[in-house]
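Notes follow the structure.
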Number of protein chains: 2
Amino acid sequence: MPEQNNSHLHALKVSCSNCTLRELCLPVGLNRDELAQLDAVIRQSRRLKRGEYMFRSGEAFKSLFAIRTGFFKTCMSSQDGREQVTGFHMSGELLGMDGISANVHGCDAIALEDSEVCELPFTRMQSLSRDIPSLQHHFYRLMSREIVRDQSIMLLLGNMKADERLAAFLLNVSSRLATRGFAANDFILRMSREEIGSFLGLKLETVSRTLSKFQQQGWIKVDHKHIQLYQTDELKNLISGCIHAQSH
Amino acid sequence: MPEQNNSHLHALKVSCSNCTLRELCLPVGLNRDELAQLDAVIRQSRRLKRGEYMFRSGEAFKSLFAIRTGFFKTCMSSQDGREQVTGFHMSGELLGMDGISANVHGCDAIALEDSEVCELPFTRMQSLSRDIPSLQHHFYRLMSREIVRDQSIMLLLGNMKADERLAAFLLNVSSRLATRGFAANDFILRMSREEIGSFLGLKLETVSRTLSKFQQQGWIKVDHKHIQLYQTDELKNLISGCIHAQSH
DNA sequence: GGGGAAGCTTGACGCTTGTCAAAGCGGGGT
DNA sequence: ACCCCGCTTTGACAAGCGTCAAGCTTCCCC
């Protein structure tokens, strides 16, 4: 692992090497020169402790943020303090794209564990992407991917019953962890039952009960936030009838 | 209305003049030369009859489509034939952005009335947007807007009760029609109760019952697909507690 | 190490919405 | 113009999930 000195980009590349899907990360198919240009634009990475905000709804939009390590939730809040979780995000994912349209962040992004992110100033990325066609195309693809992801969640919320939603959620988390080189069938959830419920359009009691039901049937083992999947086929069966069963 | 000959772009501009929000359409802040370039890229517009497909899920993605006139639904289908409506779309809106990520269309787009669309070959638009920075930025904003729209629907599906969903839906349709210069409080719905229900995550009977309830309370008048809004304030009250009550 | 708050599980009950059914109305095509 | 089919409305009933409540565990901070 040579010449690591002072290259924020290198760190990004390292996080990329953790991903089977290179597309999660930025530097794809760039030559040495283009990499250097990109590296110059990426700001010093920033560390966040659990509970800290990466950005808040209503703040001026200036940058996108790439997660190098850690785990985040994005959520929107109403006046009376209730919140709705709109997504959970892992290393390699890009946050803040909803802020482009109105130049204002449309949601809060909160670290669920100690994390590290890279800041990508948007106007500079935009002009850089004019010089590097493959970068431009990559940005369009990332935004399109976010649209596809949101629509698959719309399907989940509009069509599925509680147990189907939980099964889809567990399989999604599992596959995303596997993509990053972690165990697919034995993991720690970083979020609370209430946050899962908020994301899935369910109450926390329903989440808890449904997990217990899966455990009783021998499909999974639940020890608080420690989840083990024993029979993923049964979980897949549950959602096989649903539209576009595979995860985003 | 001079020199209309052979300019597909002109037609787009005409459809734009119907919109209070110029941002819905493509040619914003372009000079004469840039307009000519853009015009050269836009393919001959295409007419569709009610029920025809603009594109289908699974087809190769080649172009985005701008609606000049008419009304569309987008939806996804499962193996067993059930469908989920993911959106309703009016003149000035751009469809197909979910196809960019995988080079395959992710949903069906079907005309709900006789319509006219412009085809925008994506790779050519992409290279053109490198020469015209404002066009590039506009595309990013359009995709971001789609992300925001999808997230507001996620909130609706995850948080709201049946009557709140219907109220939000009616107010949304109303404001989008007003934006295009149509009456805000007296309109014809182009979709069936079943399609509304599919979009809102409800069964058609619930849609029908809830509309009847609104009518009983004197808030609206329902005559099949002909809707009149009498007391929009009451509808707004219903969703005032919800997160981000305003429409997309 | 201990205390307290926050998170999780489980039960009982009720409401919202889905399901099944029947009847009325309207519109499009022959 | 008429007829048939599809859409809509309305009712009765059932089920799934939310609500309220109590007790328990765990984790964090002092």
Side-chain angles (χ1 to χ4, degrees), chain A residues 49-52 73 81-85 110 112-114 156-170 188-217 220-227 238 241-242, chain B residues 49-51 73 81-85 110 112-114 156-170 188-217 220-227 238-239 241-242:
Chain A
K49 287 219 167 297
R50 190 158 76 95
E52 280 192 283
K73 69 172 176 182
R82 280 176 312 178
E83 71 170 30
Q84 156 97 4
V85 174
I110 303 173
L112 293 182
E113 63 181 28
D114 295 355
L156 180 144
L157 294 172
N159 270 330
M160 296 190 188
K161 295 194 179 301
D163 53 357
E164 296 169 334
R165 296 184 198 189
L166 249 304
F169 172 74
L170 292 173
I188 308 289
L189 293 174
R190 298 297 169 182
M191 73 294 281
S192 69
R193 301 284 190 268
E194 186 168 15
E195 288 165 333
I196 296 172
S198 173
F199 179 59
L200 297 178
L202 301 169
K203 293 298 164 184
L204 69 92
E205 293 94 332
T206 305
V207 174
S208 182
R209 262 186 267 270
T210 306
L211 289 176
S212 298
K213 196 186 81 179
F214 286 170
Q215 180 171 237
Q216 258 182 301
Q217 294 179 286
I220 68 175
K221 181 161 191 312
V222 182
D223 179 22
H224 301 94
K225 305 209 161 175
H226 181 196
I227 305 287
L238 252 189
C242 306
Chain B
K49 287 218 167 298
R50 189 157 78 95
K73 69 172 175 182
R82 279 177 311 177
E83 73 170 29
Q84 155 97 5
V85 174
I110 303 173
L112 293 183
E113 62 180 29
D114 294 357
L156 180 145
L157 294 172
N159 271 329
M160 296 190 188
K161 295 195 180 298
D163 52 358
E164 297 169 333
R165 295 183 198 190
L166 250 302
F169 173 74
L170 292 174
I188 307 291
L189 293 174
R190 297 298 169 182
M191 72 293 283
S192 69
R193 301 286 189 266
E194 185 167 16
E195 288 165 332
I196 296 172
S198 173
F199 179 59
L200 297 178
L202 302 169
K203 294 296 166 186
L204 68 93
E205 293 94 333
T206 305
V207 174
S208 181
R209 261 187 266 272
T210 306
L211 289 176
S212 298
K213 197 187 79 179
F214 286 170
Q215 180 170 236
Q216 259 182 300
Q217 294 179 286
I220 69 175
K221 182 162 191 312
V222 182
D223 178 23
H224 300 94
K225 306 208 162 177
H226 181 196
I227 305 286
L238 253 188
I239 60 174
C242 306

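Chain letters run A, B, ... following the sequence lines, proteins first, then strands; residues in each count from 1.
- No donor-acceptor contact under 3.5 Å links the side chain of A:Arg193 to the base of C:dT10.
- Looking at heavy-atom distances under 4.0 Å, A:Arg50 makes contact with sugar-phosphate atoms alone, never a base.
- Not a single donor-acceptor pair, N or O on each side, falls under 3.5 Å between the base of C:dC8 and the side chain of A:Glu194.
- The residue B:Gly197 sits apart from the nucleic acid: no heavy atom pair falls under 4.0 Å.
- Across the protein-nucleic acid pair, B:Leu166 atom CG and C:dT16 atom P stand 16 Å apart, rounded to whole Å.
- In this structure, A:Gln215 atom CD and C:dT9 atom P are separated by 9 Å, rounded to whole Å.
- Distance CD1 (A:Ile220) to C1' (C:dT9): 14 Å, rounded to an integer number of Å.
- Each of A:Arg190, A:Arg50, A:Lys225 was scored for a salt bridge (charged side-chain N to carboxylate O under 4.0 Å, His left out) with A:Glu113, with one residue passing: A:Arg190.
- In this structure, B:Val222 reaches the sugar-phosphate backbone alone: every heavy-atom distance under 4.0 Å involves primed, P, OP1 or OP2 atoms, never a base.
- Within the 4.0 angstrom heavy-atom criterion, no nucleotide atom of any strand lies near A:Lys213.
- Across the protein-nucleic acid pair, A:Glu205 atom CD and C:dC8 atom C1' stand 10 Å apart, rounded to whole Å.
- Atom NZ of A:Lys161 is separated from atom P of C:dG18 by 9 Å (rounded to the nearest Å).
- The separation between B:Leu204 atom CG and C:dT17 atom P is 15 Å, rounded to whole Å.
- Along DNA chain D, read 5' to 3', the first and last nucleotides having any atom under 4.0 Å from a heavy atom of chain B are D:dT8 to D:dA12.
- In this structure, B:Leu157 atom CG and C:dT16 atom C1' are separated by 16 Å, rounded to whole Å.
- Comparing the end axes of the helix from C:dG1-D:dC30 to C:dT30-D:dA1, each fitted to five base pairs by superposing C1' atoms of four pairs onto the next four, gives an inter-axis angle of 60° (nearest 10 degrees).
- In this entry the distance linking NE2 of A:His224 with C1' of C:dT10 reads 13 Å, nearest Å.
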